[in-house]
Amino acid sequence: MLHRLDLATIWVVAAAIPARAIISDTWLPEYAETLYDFVVVGGDLLAPANAGAVVANRLSENPEWHVLLIEAGPTHVGVFDTRVPGLLAKLQGSRYDWNYTTVPQTGFNNRSIKFPRGHILGGCSSIDGLFYTRGSSSDYDRWAEVTGDSGWSWKNILPYFLKNEKWTNPADGHDPDGEYDPTYHSTKGVTYVSSYNSPQVIDSKVIAASRELGGEFAYNTDINDGEELGIGWSHSTIGHGERSSAATSYLTPEVLARHNLHVLTDHQVTHVLRTSSRGGMPSYRTIRFTPRKTPDPYIEINVKKEIILSAGVVGTTQILLQSGIGNATELSELGIKPVVDLPSVGKNMSEQAIFFSMYNLGIPGTIEAVTPEMQTEWLNEWNTTKTGPLTSIGVNLIGWLRIPDSSSVWEEYQDPSSGKNTPHIEIGFDGGSFQTTPRSTIANAIIPLQPESRGSITLRSSDPFDHPNIDFGFFNSKLDLITIREGVRQIHRLYSAPAFAEYNLSLPESFPSLDDDNALEEYIRNNADHAAHPVGTAAMSPRDADWGAVDPDLLLKTVSGLRIVDASVMPFIPAGHTQAPVYAIAERAADIIKEVWEWYG
Ligand SMILES: *[C@@H]1O[C@H](CO)[C@@H](O)[C@H](O)[C@H]1NC(C)=O
Ligand SMILES: *[C@@H]1O[C@H](CO)[C@@H](O)[C@H](O)[C@H]1NC(C)=O
Ligand SMILES: *[C@@H]1O[C@H](CO)[C@@H](O)[C@H](O)[C@H]1NC(C)=O
Ligand SMILES: *[C@@H]1O[C@H](CO)[C@@H](O)[C@H](O)[C@H]1NC(C)=O
Ligand SMILES: *[C@@H]1O[C@H](CO)[C@@H](O)[C@H](O)[C@H]1NC(C)=O
Ligand SMILES: *[C@@H]1O[C@H](CO)[C@@H](O)[C@H](O)[C@H]1NC(C)=O
């Protein structure tokens, strides 16, 4: 059954229709009566899908424009666990998670891994690790060079980072002076960002070691000023002890009160459809969506100006391919009629792997694990004052390192990084304890930041509710594996600093010898995971390029009316986590869209 909405045709009439339904579980008549200028798909960011909320907010600043934001998952309002940074693990595998699983990863000895994605308003920014890292200036200069659009350069994108950011003091009340450079931060933006909110026992040791060893481990006052290298304090999207997501920051009650913005939750967009031809190009201004996880019934609506896909790397790719936009041969094989031959869609996916090396402190008087009593005490503290261990996800310091130019690795491989100021390796230090009593272990997260391997997202079938094949292609280039191996050794060097002398640091007995390349690599293959930052499945490229899916203004090539605003468009992953870059992309995209349509009037 197909329901085409010509303004007045209504599919469902809710039993009780609130006078003003803003966030709704049901497609309401007031929605059906509106002819929208813009429909934004996915309140869902990327690899965090936060972009949709940003774009919907910015476009509805113009009271003349009617904007509809559609999210497949439920609202974030009232979901307690999304508010408490330290409870993020409870959200994974819950109803707020799409619950994806990858195909067997050859480079991981054929292991399939779970891949959580936010299924909730705010997308991944409602369930992610809250890291606020921008990457290196060269990352953006490379985007500018690859796309031929200087608007993506570091100098030109920085104002958009600042437009998004609302820097605030940490929850524990400490003075963050010296942990960031105010020149590169804004207190006037939208999403809260803060330095660490709850100190850890190991923090002072890592800082001391950084000062003792210097060089590659030198202290870096601000890891977000475009020059990341060294060790510095992590910044997070946390304000006053609470998670600041795209939903809490861009879809506030004041924003939702705008008469021209409608937010529809619990409805999944399955297709974009060709509406007509305008100016010689096929026009894509019809979307199809449904409140059920079944193909029947559908609702279709037309938009006046644009459809903006912000459904994240998985969602956006899936909608495009299901709509016949992709590699024509592959789509035909699945029984999907190819309509726009853009073979790059879903291809060229780039994702960082992650591997944890765990050190034992080896001293008496440590605690083994967080006990239920501690959990209750921490939750009570958070409930009472929004302070304490649950205001943190456990990583306060990050190291950003390069494989030295002198390494023999470069005899065989080319440097995949965007520039000499760009790290190859990220190391997160998780001491597991916020108490004065240290925990018995330190976990080190090691991420190869600029992977050379590429993967893909392809469809399993023509059923839009079938999860797609997600293949990160981990270690297809062995350089990424070698990069982790080198990171394991770099941490070992750091722990040789005098600052750690009072500990008796050692790797577990099951850990292979650090001198044995093969054993170390095999161990990494058997234990690595994903870092939750995939990008590139609808990459931007120059207008005349024979690869890529969108032009540098993020419009889908060869058609009109369809723009993509999420991590899919990044041609390369920035050297860091993807949340902050997606906010900057979304802020710039909103300006690009405004400029075009304000000009048309
Ligand atoms: C994810 O899996 C959990 C556990 O099986 C389930 O409760 C939840 O509904 C799933 N999420 C979605 C969006 O279906
Ligand atoms: C992984 O799977 C492939 C294809 O089934 C097989 O050829 C290969 O031997 C497997 N590798 C391992 C380590 O099991
Ligand atoms: C499209 O897919 C087919 C089958 O996988 C492949 O042989 C072909 O090279 C692809 N076309 C392009 C342009 O990538
Ligand atoms: C993959 O992306 C790179 C740039 O990141 C580009 O040079 C290459 O042509 C792309 N390949 C495909 C199949 O899109
Ligand atoms: C360090 O470990 C060694 C061997 O396990 C042990 O003899 C020594 O007492 C430990 N040192 C401290 C400070 O605990
Ligand atoms: C904290 O508040 C939440 C939400 O109101 C409640 O479910 C939980 O029981 C409280 N926990 C403690 C320890 O106060």
Side-chain angles (χ1 to χ4, degrees), residues 42 44 49 71-76 79 81 89-101 114-121 123-124 126-127 139-148 152 265-268 291-294 311-315 317-318 320-321 324-334 336 338 340-351 414 416-418 450-459 465-467 469 471 473 476-477 534-542 544-552 556-558 567-574:
D44 209 60
E71 161 60 39
T75 172
H76 66 292
V79 184
D81 294 347
K90 289 176 72 181
L91 296 162
Q92 307 198 342
S94 76
R95 66 180 285 233
Y96 309 110
D97 179 358
W98 282 93
N99 298 324
Y100 295 121
T101 301
K114 287 192 174 149
F115 178 51
R117 294 286 82 185
H119 180 259
I120 183 170
L121 211 54
C124 292
S126 292
I127 71 158
D139 289 326
Y140 299 93
D141 293 340
R142 173 157 70 177
W143 287 5
E145 195 190 315
V146 165
T147 61
W152 294 111
T265 59
D266 304 281
H267 284 65
Q268 184 173 343
R292 312 246 170 98
K293 301 288 176 195
T294 65
V313 164
V314 180
T317 305
Q318 201 169 356
L320 290 172
L321 295 176
I325 302 171
N327 178 316
T329 318
E330 292 179 1
L331 292 174
S332 301
E333 279 165 11
L334 290 166
I336 295 170
V340 181
D341 191 16
L342 277 176
S344 286
V345 171
K347 302 295 160 60
N348 234 358
M349 178 164 57
S350 187
E351 162 67 312
Q414 290 217 323
S417 73
S418 58
Q450 307 252 284
E452 200 172 61
S453 307
R454 297 273 167 151
S456 65
I457 293 179
T458 54
L459 297 181
F465 305 96
D466 215 358
H467 284 183
N469 299 306
D471 180 4
N476 283 351
S477 163
V535 309
T537 42
M540 50 178 168
S541 67
D544 57 0
D546 61 359
W547 62 279
V550 297
D551 70 20
L556 193 79
K557 295 183 175 213
T558 77
S568 329
V569 304
M570 299 184 193
F572 293 92
I573 314 187

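Both backbone and side-chain heavy atoms feed into the values below; hydrogens, waters and symmetry mates do not. Just so it is clear, the structure is predicted and the values come from calculations on it, not from any experiment. In each ligand, atom 1 is the first atom listed, and ligand 1 is the first ligand listed.
On a distance-only criterion, Asn99 and ligand 1 share at least one N/O pair closer than 3.5 Å. Checking only distances, Asp97 does come within under 3.5 Å of ligand 1, N or O to N or O.
Between the side chain of Ser453 and the backbone N or O of Ser477 there is at least one donor-acceptor pair closer than 3.5 Å. Between the side chain of Asp341 and the backbone N or O of Ala328, at least one donor-acceptor pair lies under 3.5 Å.
Taking every heavy atom of both residues into account, Ala545 and Ser541 meet most closely at CB-OG, 3.6 Å. In this structure, Lys347 and Glu330 approach most closely via the heavy-atom pair NZ-OE1, 3.0 Å. Nearest heavy-atom pair, Arg142 versus Pro416, reported as atom, atom and distance to 0.1 Å: NH1-O, 3.2 Å.
Looking at Arg117 and Pro534, their side chains come closer than 4.5 Å, going by heavy atoms from C-beta outward.
Once rounded to the nearest 0.5 Å, the distance linking CD of Gln450 with CD1 of Ile573 reads 8.0 Å. Taking CG of Asp551 as the start and CE of Met540 as the end, the distance is 10.0 Å to the nearest 0.5 Å.
For Ala539, the heavy-atom gap to ligand 4 stays at 4.0 angstrom or more.
Pocket lining of ligand 3, defined as residues with a non-hydrogen atom under 4.0 Å away: Asn327, Glu330, Pro343.
Taking a cut-off of under 4.0 Å to the non-hydrogen atoms of Phe572, the atoms of ligand 4 that pass are 4 (C), 5 (O). Each of the following atoms of ligand 1 lies closer than 4.0 Å to a heavy atom of Arg95: 8 (C), 9 (O), 11 (N), 13 (C). Atoms of ligand 4 found under 4.0 Å from any heavy atom of Pro571 (numbered from 1 in listed order, with element): 5 (O). Against a heavy-atom cut-off of under 4.0 Å, Ser94 is close to the following atoms of ligand 1: 1 (C), 8 (C), 10 (C), 11 (N). The distance from ligand 4 to the heavy atoms of Asn348 drops below 4.0 Å at these ligand atoms: 1 (C), 2 (O), 3 (C), 8 (C), 10 (C), 11 (N), 12 (C), 14 (O).
Side chains of Ser456 and Asp471: a donor-acceptor N/O pair is absent below 3.5 angstrom, by distance only.
The local environment of CD in Glu452 is crowded, with over 12 non-hydrogen atoms from other residues, nucleotides or ligands closer than 6.0 Å.
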